[in-house]
Amino acid sequence: MQITQIKPGMVIECHHGIATVVAIDTHNHTVLIERQDNHGHISVPARDIEGEPRLDSGYDREY
């Protein structure tokens with residue numbers, strides 16, 4: 001995914017699983033994510049991120 005498409009708070013998928021974007025480093029083309037499984041923070045290359053539109057649409061909350 002291109003770094004310009006990534007926004008803080010966005011839910012994404014990468015080789016670490018489903019995560020939420022915490023911060024973006026455009027200079028180094030990396031993204032700080034918070035993993036959903038253990039809430040750990042990891043910096044990953046933007047190219048390793050896949051968008052997860054069904055989770056990012058705002059409809060990820062239970063009613």
Side-chain angles (χ1 to χ4, degrees):
M1 180 174 256
Q2 292 185 9
I3 200 145
T4 57
Q5 298 173 298
I6 303 169
K7 307 289 182 219
M10 184 177 183
V11 176
I12 56 91
E13 184 173 5
C14 66
H15 63 278
H16 294 287
I18 303 294
T20 303
V21 175
V22 176
I24 303 162
D25 181 350
T26 55
H27 180 70
N28 293 314
H29 294 280
T30 59
V31 179
L32 181 65
I33 61 169
E34 179 180 343
R35 294 174 54 172
Q36 287 189 352
D37 60 352
N38 66 7
H39 300 287
H41 289 104
I42 301 171
S43 182
V44 296
R47 68 178 177 273
D48 291 350
I49 293 177
E50 298 176 20
E52 190 62 36
R54 63 180 163 75
L55 295 175
D56 193 42
S57 66
Y59 297 103
D60 59 337
R61 297 185 182 149
E62 228 176 280
Y63 293 94

What donor-acceptor contacts under 3.5 angstrom involve side-chain atoms of residues 18-27, with partners at least two apart or in another chain?
{"residue": "D25", "atom": "OD1", "partner": "H27", "partner atom": "N", "Å": "3.1"}
{"residue": "D25", "atom": "OD1", "partner": "N28", "partner atom": "N", "Å": "3.2"}
{"residue": "D25", "atom": "OD2", "partner": "N28", "partner atom": "ND2", "Å": "2.8"}

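- The distance from the CD1 atom of I33 to the CD atom of E13 is 11.0 Å, given to the nearest 0.5 Å.
- Between I49 atom CD1 and Q2 atom CD the span is 12.5 Å, to the nearest 0.5 Å.
- The side-chain hydrogen bond (donor to acceptor under 3.5 Å, both in side chains) contacts involving residues 39-48 comprise E34-H39, where partners must be two or more places apart or lie in separate chains.
- Rounded to the nearest 0.5 angstrom, I6 CD1 and I12 CD1 are separated by 7.5 Å.
- Hydrophobic cluster membership differs between L32 and I3, with clusters built from Ile, Leu, Val, Met, Phe, Trp and Tyr side chains linked at under 4.5 angstrom.
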